[in-house]
Amino acid sequence: MSTTTPEQLRQLMDDATRRLVAQGVDVGPRVQGMPGVVEMRRRRLGDEDRIDQAGYLTLVQGDDGLLDWQVDAGPSPYPTRRTGRRGLFDAQPIDQVAFRPVAGSQVSTFLTKLDQGFNARYGLFDLDGQRVDTIVPSGRVLLIVHGTFSKCDAIVGQLQGIPDGSGRHLLAAARGHYDQVLLFEHPTLAVGPVLNALDLSRAFAGSTAQVDVVCHSRGGLVVRWWLEVLSRQFAPGARVVFCGSPLMGTALASPYRLRTALKLLTNMASAMHGVAELASLVVPMFSVIQGLMTLVASSTAMLSRTPIADVTAASVPGVAAMSRFGPDGTDFITGNYELEKLGFGWTTAPEGYFAVSTNFETEDPGWEFWRHFRKENIADAATDVIFSGENDLVVDTDSMTRMAVGTRITEPSRVLAYGTNPVVHHLNYFSQRRTVEFIRTSLGF
């Protein structure tokens with residue numbers, strides 16, 4: 001399924017490992033020599049190459065072409081057989097890296113380093129990259145909020161890169177229309193959205209400005225907690241454009257699906273490798289995936305003699321907080337108490353809420369991995385199902401407009417629905433001219 005060559009994948013894993021080491025994440029050396037993994041496993045590692053109490057992650061490719069991670073106790077001629085454990089299977093090894101297990105109180109520090117490695121900035125910044133410590137006391141403010149594994153530069157960069165210049169015009173118009181245009185940079189793994197929202201609440205405590213917001217993905221939950229719970233005084237006049245936001249969570253973040261989610265994201269990173277506008281995100285994203293897989297692997301049989309603990313997801317607050325709440329067509333979505341409370345009492349969506357949604361389906365061979373994670377393929381024994389219905393590769397389409405189990409944003413003028421299409425997915429909303437036009441119309445500038 002992956003159209004990225006083994007050589008490119010090995011380089012990607014090498015770059016990701018170097019990035020993790022530079023971030024201070026305690027990983028060991030990439031195991032050299034592919035065809036590599038086989039040769040290395042035959043000669044074994046010398047004592048000088050070993051890491052005390054090390055584990056080994058092997059990137060593999062199955063007969064279906066999908067990439068995944070094999071968890072091994074150490075170098076061996078063949079991947080360990082782990083029949084009966086979903087997501088771990090015999091496959092062709094691509095490359096292998098050693099790591100030190102992460103446990104107990106180390107987890108929070110580990111996640112913080114992953115966050116900082118992806119986005120070293122924390123706080124409010126302007127479009128020129130300068131830190132902003134004071135919000136205007138009155139007037140109008142535009143706030144841009146990014147999602148998981150991301151930063152606001154990715155949103156601004158996509159807008160600036162639209163060939164017809166519409167994104168650049170949007171940013172220029174925003175500078176003229178608002179007294180401040182602010183970017184909120186924040187960690188997305190070590191803390192949940194409600195704590196990010198608390199930072200926003202404190203930052204805006206001295207202001208009575210009218211606030212408009214453009215947010216992507218998990219950023220939508222940050223904004224909801226901020227406006228609906230912590231700083232409700234801004235809510236009546238606020239206008240918010242939610243782009244691919246899991247307003248009622250996403251099945252991808254459900255705890256029992258964490259292992260499969262990392263498999264999906266690995267294949268997504270591989271697909272991004274060949275897309276010019278996304279190429280710069282590949283190594284950072286792959287390093288986070290490798291880091292989270294290290295966390296999952298730390299609780300596997302190779303270290304603890306127990307099956308994979310899907311409850312590991314609960315130790316990643318930024319992910320657990322996005323777990324889907326409400327019906328999704330399966331029996332597995334039993335609730336996310338945070339989102340249940342967030343949605344409580346809503347009978348109609350606020351007039352200032354707008355949403356952008358899509359359902360990504362494509363015949364492009366580089367992206368066809370998406371078919372293996374959808375409900376319609378459940379009859380395939382090799383399939384790891386994540387989504388029960390339409391989605392943009394990361395978020396269930398239904399959740400992008402749903403504020404509560406019985407409440408959603410429905411008015412056609414308040415929803416830009418790309419529908420089922422082969423172009424728009426979770427990572428490129430802000431590369432679309434229609435998104436730009438919808439933002440300007442919704443926010444009125």
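We're numbering straight along the sequence, starting at 1. Small disclaimer: the values here were computed from a predicted structure and weren't measured.
- For the residue pair T420 and N359, a side-chain donor N or O sits within less than 3.5 Å of a side-chain acceptor on the partner.
- Between the N391 side chain and the G389 main chain, a donor and an acceptor come within less than 3.5 Å of each other.
- Looking at L114 and L20, their side chains come closer than 4.5 Å, going by heavy atoms from C-beta outward.
- Side chains of L124 and L200 form a contact here, defined as non-hydrogen atoms less than 4.5 Å apart.
- Side-chain atoms of L183 and L127, non-hydrogen and from C-beta on, do get closer than 4.5 Å to each other.
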Please evaluate residues T397 and S357 with respect to the criterion side chain to side chain donor-acceptor pair (under 3.5 Å), reporting the C-alpha separation (whole Å), side-chain torsions for both, the decisive distance (0.1 Å), and the verdict.
CA-CA 6 Å; T397 305; S357 69; over 6 Å; no
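- Aromatic ring orientation, Y353 versus W346: tilted (interplanar angle from 30° to 60°).
- The shortest side-chain heavy-atom distance between Q70 and I94 does not fall under the 4.5 Å cut-off.
- Residues W367 and F373 keep their aromatic ring centres 6.0 Å or farther apart.
- At distances below 3.5 Å, at least one donor-acceptor pair connects side-chain atoms of T17 with backbone N or O atoms of M13.
- Within 6.0 Å of CD in Q233 there are more than 12 heavy atoms belonging to other residues, nucleotides or ligands.
- In the model, Y429 has no side-chain atom that pairs as donor or acceptor with a side-chain atom of S217 under 3.5 Å.
- Of the possible donor and acceptor atoms, none in the side chain of S166 sits under 3.5 Å from a partner among the backbone N and O of R433.
- Taking 4.5 Å as the limit, some side-chain heavy atom of V405 sits within range of a side-chain heavy atom of F325.
- Remark: aromatic rings of F387 and W370 are distant, center separation not under 6.0 Å.
- D392 contributes no side-chain N or O that, together with a main-chain N or O of F360, makes up a donor-acceptor pair within less than 3.5 Å.
- Ring geometry for W69 versus F286: interplanar angle of 30 to 60°, hence tilted.
- Side-chain contact check for Y122 and D199: at least one donor-acceptor pair (N or O, by modelled atom type) lies under 3.5 Å.
- Formation of a donor-acceptor pair under 3.5 Å by the N267 side chain with backbone atoms of L66 is not found in this model.
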